[in-house]
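Some notes on the structure that comes next.
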Amino acid sequence: MLKQSLLYLSESPAAKKVVTGTPLSRKLAQRFVAGDTLDDAIEAARVLNAAGLSVSLDFLGESVATREEADEAAEMAIRTLEAIAAQGIDGNISLKPTQLGLDIDEEMCRRNVERVLQRARELGDGEGEIFVRLDMESTAYTERTIALVEELRDSGFRNVGTVLQSYLHRTPADVERLIALGTRVRLVKGAYKEPDEVAFPDKADTDRKYVEEMERLLQAGTYPAIATHDEEIIRHARRFAWDNSIPKESFEFQMLYGIRRDLQTRLREEGYNVRVYVPFGDSWYPYLMRRLAERPANVLFMAGSILRESKVQRFARPAALGAGLLVGALAGLVMRPRRHRRP
Ligand SMILES: Cc1cc2nc3c(=O)[nH]c(=O)nc-3n(C[C@H](O)[C@H](O)[C@H](O)COP(=O)(O)OP(=O)(O)OC[C@H]3O[C@@H](n4cnc5c(N)ncnc54)[C@H](O)[C@@H]3O)c2cc1C
């Protein structure tokens with residue numbers, strides 16, 4: 001219930017205004033976001049690369065409302081690609097289709113993505129073109145995102161792939177569709193608020209389907225990305241790959257910036273390819289709320305960490321607790337009407 005409430009808040013402009021307006025919300029976001037600027041992201045990438053981890057840089061933003069914003073997002077993606085090439089970063093980028101205008105005009109969105117892919121192609125080094133991943137958003141966009149990837153592949157772009165979410169009923173068919181297309185798939189559990197008609201309400205079903213789809217991708221997919229922090233599933237992936245003689249180089253694990261850093265480095269030390277998804281930019285509100293929804297204990301956990309680490313503890317304490325409690329209280333407000341409906 002708290003998870004659903006936090007996901008509901010992630011889409012609420014009023015809650016956004018309240019949460020981003022509190023002094024320490026930004027500090028909370030820093031747990032999961034590399035910084036406001038491209039330089040911050042490159043610096044974070046350098047540190048991760050030094051530990052043997054590759055990156056996918058994501059300029060935060062989604063659901064833009066104007067053509068200008070969509071164009072700016074495409075320009076920023078291009079600048080990010082240029083920085084990756086110029087600074088010798090071991091990395092690629094992730095983009096949200098609605099950030100490049102999918103909600104405004106599909107044709108314009110496709111042109112924007114093509115522009116980015118073209119630049120990524122030009123900037124490639126001896127090892128190939130820079131790869132661009134289209135993140136998967138809510139089910140309002142699933143079909144359009146997959147169709148966009150198909151069109152781009154038809155136009156000759158090989159450096160594009162997308163994401164599939166195991167909580168959706170439709171995903172087994174999409175797995176087969178993308179295997180046939182030969183694109184790279186990142187498999188995730190899914191981070192949006194979806195109705196039961198399209199997504200499994202029980203986490204156990206999402207986890208079970210994840211394992212089935214992961215096995216299928218490991219056997220037949222093109223360099224799949226197993227994107228999860230679930231240790232049980234990661235153990236299963238390793239065992240499955242070993243039992244089926246699937247080489248470590250033919251897939252990668254992916255995790256989010258700031259989450260399970262211990263597991264990221266452990267897997268790398270064991271010889272697996274590990275990529276960290278590194279978000280940056282100041283539009284961090286919905287991203288932060290989705291991360292809190294995945295683990296509502298984060299609300300208090302982060303407030304506690306800030307208290308421990310703050311150099312100005314005496315002054316920061318009330319504000320940190322305030323920010324944590326604010327998110328909790330907002331979530332509580334959202335939950336209350338539902339309780340009335342279901343006594
Ligand atoms: C690289 C990457 C890219 C992603 N891209 C997309 C995308 O394009 N579209 C999409 O819908 N979703 C995306 N997601 C999010 C994904 O759908 C899940 O919501 C998220 O990964 C949490 O699920 P989990 O697989 O880690 O498993 P869970 O069962 O949720 O968690 C397993 C364990 O991981 C730890 N954990 C998980 N989340 C957190 C957190 N936020 N904070 C602290 N600990 C945590 C906890 O210890 C938990 O017990 C992405 C995730 C990753 C890793």
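Both backbone and side-chain heavy atoms feed into the values below; hydrogens, waters and symmetry mates do not. In each ligand, atom 1 is the first atom listed, and ligand 1 is the first ligand listed.
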Tell me which protein heavy atom sits closest to [atom], plus the residue, atom name and distance to 0.1 Å.
atom	result
atom 19 (O) of ligand 1	Glu294 OE2, 2.6 Å
atom 7 (C) of ligand 1	Met136 O, 3.6 Å
atom 42 (N) of ligand 1	Asn298 ND2, 2.8 Å
atom 28 (P) of ligand 1	Lys189 NZ, 3.6 Å
atom 17 (O) of ligand 1	Gly190 N, 2.7 Å
atom 26 (O) of ligand 1	His229 ND1, 2.8 Å
atom 6 (C) of ligand 1	Val188 CG1, 3.9 Å

Less than 4.0 Å between [atom] and some protein heavy atom, yes or no?
atom	answer
atom 1 (C) of ligand 1	yes
atom 49 (O) of ligand 1	no
atom 31 (O) of ligand 1	no

For ligand 1 and [X], I'd like to know whether there is a polar contact (N/O to N/O, distance under 3.5 Å).
X	answer
Tyr277	no
Arg291	yes
Met255	no
Phe32	no
Tyr167	no

Test item: Lys189 and Asp207 side chains (from C-beta on) under 4.5 Å apart, heavy atoms: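 Yes, close enough: below the 4.5 Å cut-off.
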Side-chain touch Arg115/Asp71, heavy atoms, less than 4.5 angstrom: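 They are in side-chain contact.
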Which of the numbered atoms in ligand 1 are below 4.0 angstrom from a heavy atom of [X]?
X	result
Val163	7 (C), 8 (O)
Gln254	1 (C), 53 (C)
Asp135	8 (O)
Gln165	9 (N), 10 (C), 11 (O)

Approximate separation, where rounding is to 0.5 Å, of [X] [atom1] and [Y] [atom2]:
X	Y	atom1	atom2	result
Asp174	Ser166	CG	OG	12.5 Å
Asn273	Leu267	CG	CG	10.5 Å
Glu294	Met289	CD	CE	12.5 Å

Please determine whether side chain to side chain donor-acceptor pair (under 3.5 Å) holds for the pair Thr162 and Thr145, giving the CA-CA distance in whole Å, both sets of side-chain angles, and the decisive distance to 0.1 Å. CA-CA 8 Å; Thr162 188; Thr145 301; 5.8 Å; no
Grab the two heavy atoms, one from Ile42 and one from Ile84, that are nearest each other, plus how far apart they are.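 Taking Ile42 first and Ile84 second, the nearest heavy atoms are CD1-N, 4.3 Å.
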Can you name the nearest heavy-atom pair linking Leu7 to Ala191, along with the distance?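 What the structure gives for the nearest pair is CD2-O, 3.3 Å.
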Give a yes or no on whether the backbone of Thr98 and the side-chain of Glu137 come within a donor-acceptor separation of less than 3.5 Å.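 Present.
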Taking Asp58 for its side chain and Val278 for its backbone only, find out whether a donor-acceptor pair lies under 3.5 Å.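 Judged by distance alone, no pair lies under 3.5 Å.
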Does Glu231 have a heavy atom less than 4.0 Å from any atom of ligand 1?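 In this structure, Glu231 fails to qualify as a contact of ligand 1 - no heavy atom is under 4.0 Å.
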Within less than 4.0 angstrom of ligand 1, does Lys203 place any heavy atom?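 Right, Lys203 reaches ligand 1.
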Given that the side chain starts at C-beta and the backbone is N, CA, C, O, which of these parts of [X] lies under 4.0 Å from ligand 1, counting heavy atoms, or is it both or neither?
X	answer
Ile259	side chain
Arg186	side chain
Tyr192	side chain

Note: Glu269-Arg266 ion pair, threshold 4.0 Å (strictly below):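 No salt bridge links Glu269 with Arg266.
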Compare [options] and give the one whose heavy atom is closest to [atom].
atom	options	result
atom 47 (O) of ligand 1	Glu252, Glu232, Arg295	Arg295
atom 24 (P) of ligand 1	Thr228, Thr142, Leu134, Asp58	Thr228
atom 53 (C) of ligand 1	Leu292, Thr206, Leu256	Leu256

Determine whether the aromatic ring centres of residues Tyr287 and Phe32 are separated by less than 6.0 angstrom.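 No, ring centres 6.0 Å or more apart.
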Measuring centre to centre across the rings, with the benzene-like ring taken for any Trp, is Tyr272 within less than 6.0 Å of Phe253?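 Yes, close enough.
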Which one of Glu194, Glu143, Glu176 satisfies the salt bridge (Lys or Arg N to Asp or Glu O under 4.0 Å) criterion with Arg170?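 It is Glu143, the one option of Glu194, Glu143, Glu176 that forms the salt bridge (Lys or Arg N to Asp or Glu O under 4.0 Å) with Arg170.
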The test is side chain to side chain donor-acceptor pair (under 3.5 Å); show your working for Asp230 and Tyr210 and say whether it passes. CA-CA 11 Å; Asp230 186 325; Tyr210 191 103; over 6 Å; no
Hey, mind stepping through Asp103 and Tyr141 against side chain to side chain donor-acceptor pair (under 3.5 Å) and telling me if it holds? CA-CA 9 Å; Asp103 257 344; Tyr141 308 105; 2.7 Å; yes
